[in-house]
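Working notes for the structure below.
In the text below, chain A, chain B and the rest are named by the order of the sequence lines, each starting its count at 1. Values below: every heavy atom of this structure, side chains too, minus hydrogens, waters and symmetry copies.
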Amino acid sequence: MSRGTGGVMQRFMKKASKKIGLSPGTLIHVGEKKTEKVRIRVMDYDEENLEEKDVDTIEECFPYLKRPTITWINIDGLHEVDVIDKIGKPLGLHSLVLEDILHTEQRPKMEDFEDYLFITSKMLSYDDRIDRVNAEQFSLVLGTNYIISFQEKEGDVFNPIRERIRIKTGRVRKVGADYLAYALMDAIIDNYFIVLEKLGEKIESLEESLITDPGPDTLNAIHHLKRELIFLRKSVWPLREVINGMERLESALILDRTSIFLRDVYDHTIQVIDIIETFRDVVSGMMDVYLSSISNRMNEVMKVLTIIATIFIPMTFIAGVYGMNFKHMPELEWHWGYPLVLLIMAILAIFMLFYFRKNRWL
Amino acid sequence: MSRGTGGVMQRFMKKASKKIGLSPGTLIHVGEKKTEKVRIRVMDYDEENLEEKDVDTIEECFPYLKRPTITWINIDGLHEVDVIDKIGKPLGLHSLVLEDILHTEQRPKMEDFEDYLFITSKMLSYDDRIDRVNAEQFSLVLGTNYIISFQEKEGDVFNPIRERIRIKTGRVRKVGADYLAYALMDAIIDNYFIVLEKLGEKIESLEESLITDPGPDTLNAIHHLKRELIFLRKSVWPLREVINGMERLESALILDRTSIFLRDVYDHTIQVIDIIETFRDVVSGMMDVYLSSISNRMNEVMKVLTIIATIFIPMTFIAGVYGMNFKHMPELEWHWGYPLVLLIMAILAIFMLFYFRKNRWL
Amino acid sequence: MSRGTGGVMQRFMKKASKKIGLSPGTLIHVGEKKTEKVRIRVMDYDEENLEEKDVDTIEECFPYLKRPTITWINIDGLHEVDVIDKIGKPLGLHSLVLEDILHTEQRPKMEDFEDYLFITSKMLSYDDRIDRVNAEQFSLVLGTNYIISFQEKEGDVFNPIRERIRIKTGRVRKVGADYLAYALMDAIIDNYFIVLEKLGEKIESLEESLITDPGPDTLNAIHHLKRELIFLRKSVWPLREVINGMERLESALILDRTSIFLRDVYDHTIQVIDIIETFRDVVSGMMDVYLSSISNRMNEVMKVLTIIATIFIPMTFIAGVYGMNFKHMPELEWHWGYPLVLLIMAILAIFMLFYFRKNRWL
Amino acid sequence: MSRGTGGVMQRFMKKASKKIGLSPGTLIHVGEKKTEKVRIRVMDYDEENLEEKDVDTIEECFPYLKRPTITWINIDGLHEVDVIDKIGKPLGLHSLVLEDILHTEQRPKMEDFEDYLFITSKMLSYDDRIDRVNAEQFSLVLGTNYIISFQEKEGDVFNPIRERIRIKTGRVRKVGADYLAYALMDAIIDNYFIVLEKLGEKIESLEESLITDPGPDTLNAIHHLKRELIFLRKSVWPLREVINGMERLESALILDRTSIFLRDVYDHTIQVIDIIETFRDVVSGMMDVYLSSISNRMNEVMKVLTIIATIFIPMTFIAGVYGMNFKHMPELEWHWGYPLVLLIMAILAIFMLFYFRKNRWL
Amino acid sequence: MSRGTGGVMQRFMKKASKKIGLSPGTLIHVGEKKTEKVRIRVMDYDEENLEEKDVDTIEECFPYLKRPTITWINIDGLHEVDVIDKIGKPLGLHSLVLEDILHTEQRPKMEDFEDYLFITSKMLSYDDRIDRVNAEQFSLVLGTNYIISFQEKEGDVFNPIRERIRIKTGRVRKVGADYLAYALMDAIIDNYFIVLEKLGEKIESLEESLITDPGPDTLNAIHHLKRELIFLRKSVWPLREVINGMERLESALILDRTSIFLRDVYDHTIQVIDIIETFRDVVSGMMDVYLSSISNRMNEVMKVLTIIATIFIPMTFIAGVYGMNFKHMPELEWHWGYPLVLLIMAILAIFMLFYFRKNRWL
């Protein structure tokens, strides 16, 4: 639990204070420190040709950018500020863009710089070990014939797109960089569904245990799930505007024929948001059920106590009466006194049981 | 319960992950696998003539599409990807449209492709066996003089419309394909009222049992109903925009005289949404009543316990006192000691009963 | 209670399913069946003359409609479909308008058909016998020099307006049909205040009993009131748009000088909505108070039990100790043993009472 | 409490029904009946001269209205319909305006009649005796060179403005009637802060008692406060639009240089609304705290009961065992039997106390 | 706690009433009284030169304002009304602006006076001693080549900006006063993150204690936190509009190249708001968890009581029966009577334990 929270706090702020007071555009990587090498992959293609390679230094990519072919530079890892700084120069990227790429706590957004578009959003994954949704920042610079994409760490989300580029007859080879940008965004949002599926399974199994055996663990799990949904919502909501903005953008960078595909991505985003909202409704309904079932359980406990007490307390009283040591207690002398008292007690008990049955307590 | 949830999860996601990473427009049927034959029904009519038949292959329909008459092709079953693929070609449907038709988890939407309109929405039905609202995807392509409608499985919702077409003097025979599209949408939304009626009955009977005998089952039923309403809401809300969009569309495909009918459908949609919202309010009010009645019941139980305990505990104490074995207890020697003690006990009990009556516990 | 719900369900749906699958404009009366005769009243007036009569058949009204004077035809009762059908012909009313008039589950709305305006809204009344708000549909067709108004059953809401028409010097005689339409809408909305007053009284008396004697009945009453407010809200909210639409309408049917009166009606509508929202807030606050007072009551009960038990259980234990039959119990032999034990018990009880007083339980 | 409610109901409706069915513009005073004389005060000034007097009849004011100087007529008391009627004539006020002035249940609003502006809003005061916010209607007619203000009863809110007018060099003497209108509105809204201060003190003292001694009285007080805030909110919210409307008005009646002052009033209105919303949040948080503290208290009570019962019930049982009268009970014969049993009981008690301590119940 | 509230009340109103009835533009310092000297710091710079000094009287600053260089006058302390008054004259500031600067309860806003912009917002800090967010008013007047900033007391938030100005090659030296205004706003909003971090830590530690040891203190802490978030929200929300307004402003005072930087600040503001909303969600979730855990605890207590009572009450009854003094009780004579009864009791106890285990109470 506290782990989950720690996460929420950390994702927002721990890093934010690092930057305070600096001049805008000062490049500082705000995010987890990492030591592995940044991986740079280039794909350069047109309808006829395809060149694909891993490069060691960012400078090796520059020649591709000058060609009329479409160039996709994918950078995995943001911890080498130098790399980001260098890529910005030849493309004339605004210093705030470079800052935003490095500052991994960005809210998803799209900005139009006329020569290029800057888009940033979240890649989500579900970490099974700690039962938590992880968010990684994904940034994208879309120019006339190039795309530069930035991820916090290496992932396999874009592999199917690479496969599609490698197929010479695929649509992606015939159209421009804007279509590739669409394909990347589409892959990211499709990936959200996997996270939602995981959460859906969580909800289902939680619901199971809510009915069979609700306890403090269930409460914690509901609370945790709620928290994850708050986080998810915060990460996905702004995307709606981003995609909508791209679709409506009056820019030469995004062609009309791509708009329809963006509309499709937009529909998916809305669907993701719909599911998140539904999940929120469902989880908050689970909280209600949990609270009611605690009350129900308390009722059960109280009933047992009340039944036992109500049957035995009067009988014990009678026993107490005939346990008194008065000299003159005629009943004590009767021959059938003892069985008579036992009989009275039994009748009393039966009467009580009958009463409880009538009131549906049994 | 868990069945119901399983449903919610399944309807959204289980299938969604199938598609991830594929090129857009790749035709895969995302939905329940079925083995029955896809049924294709054609109605081709103008004011004078009507031709109606079931065809085996989609190719048989193509000649009708070329005629100036109005052609309605109804396809029941989406599991034969081939059929969908083939119908797309002669009409020049965009690959994303074909994909959306097959991907049965679409959010209701309308898209204008100038040559044709694409509309997708949900057909709802209430499955009595598992007490659940089922949603089936309905898609519609409206061209200048044709309509192609797609359903997941065969249904009888459109039979009254077929009857109306068969009547030579009916309005539907005199006007265009846009009116037929309206009629189909109208039939679908009219059908929502049947589902709402079922839910209304559920609510009523639940309310009955909420008053007579609230228990954990009632809680589950309320929770289940809440879930169904969340689902319903999610399916119907976007329809508002769809119908509104159709009404306001500046397109040669929808004539002015049809607009007023669409406005009527729009009013019905708003009415459906109103009822759903009212139901939500009512059901969430039921939850409150349920919780209160649990508390009330607990109060009753506690009162019984308290009354019994408060009357007998002091009397038992007195009996205990005179059960002590002290040598020198003068009361024990008194001749009237025993009846006196019994009298004191009786007075105590009566006093207590009086106190409870005063405090309205009895 | 269940009666109340039955009402809610019934008002929405029972009837709706009747219509499914029919061609639009098919005239079927959707509403309560009635057998009394439909009452048709005509008032025809200009500044100089006034003719007023009850007619038997709708055809008798037609001559009035052709005159340049203002004609108000009021139809009480919608169960004779024929009457509605016939009135539609000479005025060229759209078949959907006639359908809407008969289909009494309409949402309030206004539609502009250029030649005439169609307005439908709800007349509310409070049925004291079953403690429920009843809604009756009121429709209005406003043409250049005529108004046709439709009510479900005869009522006296418009009598003051008739009186005002009879006065030759009244404003209503000098101005057009649009002013009469305003006057009718104004009368309907003024009438809402009477219903609100009734509900206000209900709330007040409920509040009284909430403080003096809250019980399950109070809960049911709150729940019922909440339901009525949901219903009321649903009936009144759309009226806001209707009146606003009339005021802003760019139509020759509504003159500028009438606009300011419509603005006044609009203000009243907003006031009604404000009061409904306030009532909702108040009633939902009552629910909170009810729940708290149940908890408070439980607390009281628990305190009594705890006080009694805590005082007597230890004393009973002591009595039990000296009721043991051990051979060697020196205290039993003491001459002052018995009074000593009684003293100890008394001290214990006093100490306990002191403790409860300190903790403010007494 | 019930008094408070009675107020809410009364303020909305009791009076509203008086008016039903009357022709619009019929002048009836809807408000508390009063018998004191209506007070009419005139201030007539320009940069050079100032004339100030109390008049007996409204006709005495008319000469001032014809002069080019600025005339402020302040009317305290609305119960003499005649006065209102007479002032309307020479200025050509619309009959609905006069009606609105008299009908003191108006929602704050502004209406532009080209020749003059009509503004109505609420003056709030806090009645300490019955702990309630009172609202009095304030109306204002702003013409080119005159202002007529109407209050329900005499008050001292405008005295500082009168003082400012009396100072010959003050800004108010140099500028037009629109500035005076601003000054009046500003005085009214400044006055709201006093009411808010009172409520703020109430909240603070309530919070104090919420922590030290929460009981049913606290609940009632919270409920009452909530109600007052609902009322306040309803009175102030519409003012936002009113002031905003005045600021944006394209009318010769309000000069540009006054706009900036109106923007200032607007800021204050927003601030008032902000505070009300904050108070609502705070009060509804108090309700939560109250409910939790009741639960906490119940927990405490239950713990005491449980501790006492759990310690003594087993010991009493043991005492009961050795109080049995079996012939053959070897322990009874033992010499150390009695002290041994006491020891066992003591150990049991200590063990229980230890257990409670461990579970943090003590 | 009450301290916290006192704060909320005080921050809004205590001071507000001071001003009532005064002419607008009357300069009164509404805020905490202070006695230290107001500190005035001037920085005057262009690309080449920088002059920086502390001045004693505001008049010393005037020469700088006349130069074409950029002049930044920072005034720490608003309690000397005189200073504010004097600075207003040479710059032609509107009297309402001066009033707003002094009236420290302003809502954040931006106003465009053509010659200059007036911006006011809140500087937040977290006071560890009393666990509270403090808000200080910050105002800014931006002219063509000057900025005058006003703070309530001296702080170090702007020191990094001063450092950046001192560096001759920095961007801030090359661009206009609008960029400096941006830098100041940026510094303020960056500072919000520090406050949020503190609150985040609070939430985390509270969550810890919510799981380990929830008690009335936890409740108070949650309540307190909620209050601080309400306050924070109120302070930050309006800033959104302010920054957005600056970005969209069509004014010569803010150059296009600065807009992109303002967009960046805007993004940060949205992020702050997002975090506040998330915190609110999280804290209100904590309240739910707290309430549930109280209920859970109560359940635990009740179970212990019930188990003990249910095991011992029947056994005590049996002991009571054989403690009766009837003459004829054959069992008492039996040689194995006593052990038999003990055995029966043990079996009963074991059976009960078994029952509890089965119902998962143990």
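- For a residue to count as touching a neighbouring chain, one of its non-hydrogen atoms must lie under 4.5 Å from one of that chain's; by this rule A/Y192 does not touch chain B.
- For the residue pair A/N74 and A/S149, a side-chain donor N or O sits within less than 3.5 Å of a side-chain acceptor on the partner.
- Proximity to chain B is absent for every atom of A/F312, based on heavy atoms less than 4.5 angstrom apart.
- Of residues 343-353 of chain B, those residues with a non-hydrogen atom less than 4.5 Å from any non-hydrogen atom of chain A are, in numerical order, B/M345.
- Chosen from A/S295, A/G285, A/A183, A/P314, the residue pairing most often with chain B at heavy-atom distances under 4.5 Å is A/P314.
- Ranked by non-hydrogen atom pairs under 4.5 Å with chain B, the options A/I270, A/N159, A/N359 are led by A/I270.
- In this structure, the side chains of B/L117 and B/E111 stay at 4.5 Å or more apart for every pair of heavy atoms.
- For the options B/H335, B/E333, B/R233, heavy-atom pairs under 4.5 Å to chain A are most numerous at B/H335.
- In this structure, A/K168 contributes its side chain and A/E47 its backbone to no donor-acceptor pair below 3.5 Å.
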What do the steps show when you test B/E300 against B/R297 for salt bridge (charged side-chain N to carboxylate O under 4.0 Å, His left out), and what is the final call? CA-CA 5 Å; B/E300 286 312 304; B/R297 209 153 248 247; over 6 Å; no
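- Residue A/L291 does not touch chain B at all, counting heavy-atom pairs closer than 4.5 Å.
- Using a 4.5 Å cut-off between heavy atoms, B/Y290 touches chain A through its side chain atoms alone.
- Top candidate by heavy-atom pairs under 4.5 Å with chain B, chosen from A/E277, A/R263, A/M286, A/M302, is A/R263.
- The backbone N or O of A/D274 lies less than 3.5 Å from a partner atom in the side chain of A/T278, making a donor-acceptor pair.
- Side-chain contact, A/R248 with A/N244: a donor N or O sits under 3.5 Å from an acceptor N or O.
- Without hydrogens or angle criteria, B/E228 side chain to B/R132 main chain gives no donor-acceptor distance under 3.5 Å.
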Go through the steps to decide whether B/H94 and A/F261 satisfy the test ring-ring contact (aromatic ring centres under 6.0 Å, His included), and finish with yes or no. CA-CA 11 Å; B/H94 196 285; A/F261 291 99; 5.6 Å; yes
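- Residues B/F317 and A/F317 keep their aromatic ring centres 6.0 Å or farther apart.
- Taking the side chain as every heavy atom from C-beta outward, A/M315 and A/I311 approach each other to under 4.5 Å.
- Considering only heavy atoms from C-beta on, B/P339 stays 4.5 Å or farther from B/L342 through its side chain.
- Among the candidates B/I222, B/T306, B/I294, the residue making the largest number of heavy-atom pairs closer than 4.5 Å to chain A is B/I294.
- Note: A/I260 leads A/I260, A/I189, A/D288, A/L305 in heavy-atom pairs under 4.5 Å with chain B.
- For B/T218, no part lies under 4.5 angstrom from a heavy atom of chain A.
- Chain A forms the most heavy-atom pairs under 4.5 Å with one residue out of B/I313, B/I307, B/T316, and that residue is B/T316.
- No option in B/Q137, B/Q106, B/R107 other than B/Q106 meets the side chain to side chain donor-acceptor pair (under 3.5 Å) test with B/D100.
- Residue contact with chain A, scored on non-hydrogen atoms closer than 4.5 Å, involves the backbone of B/W334 exclusively.
- Put simply, NZ on B/K109 and OG on B/S121 are 12.5 Å apart, with the number rounded to the nearest 0.5 Å.
- Using a 4.5 Å cut-off on side-chain heavy atoms (C-beta onward), B/H223 and A/E207 make contact.
- A distance of 5.5 Å separates CD1 of B/I273 from CZ of B/R240, quoted to the nearest 0.5 Å.
- For the pair B/H224 and B/D131, the minimum side-chain heavy-atom distance is below 4.5 Å.
- Contact of B/M287 with chain A is made through the side chain alone, with heavy-atom distances under 4.5 Å.
- Contacts with chain B (heavy atom to heavy atom, under 4.5 Å) involve these residues of residues 318-331 of chain A, listed by number: A/G320, A/V321, A/Y322, A/G323, A/M324, A/N325, A/F326, A/K327, A/H328, A/M329, A/P330, A/E331.
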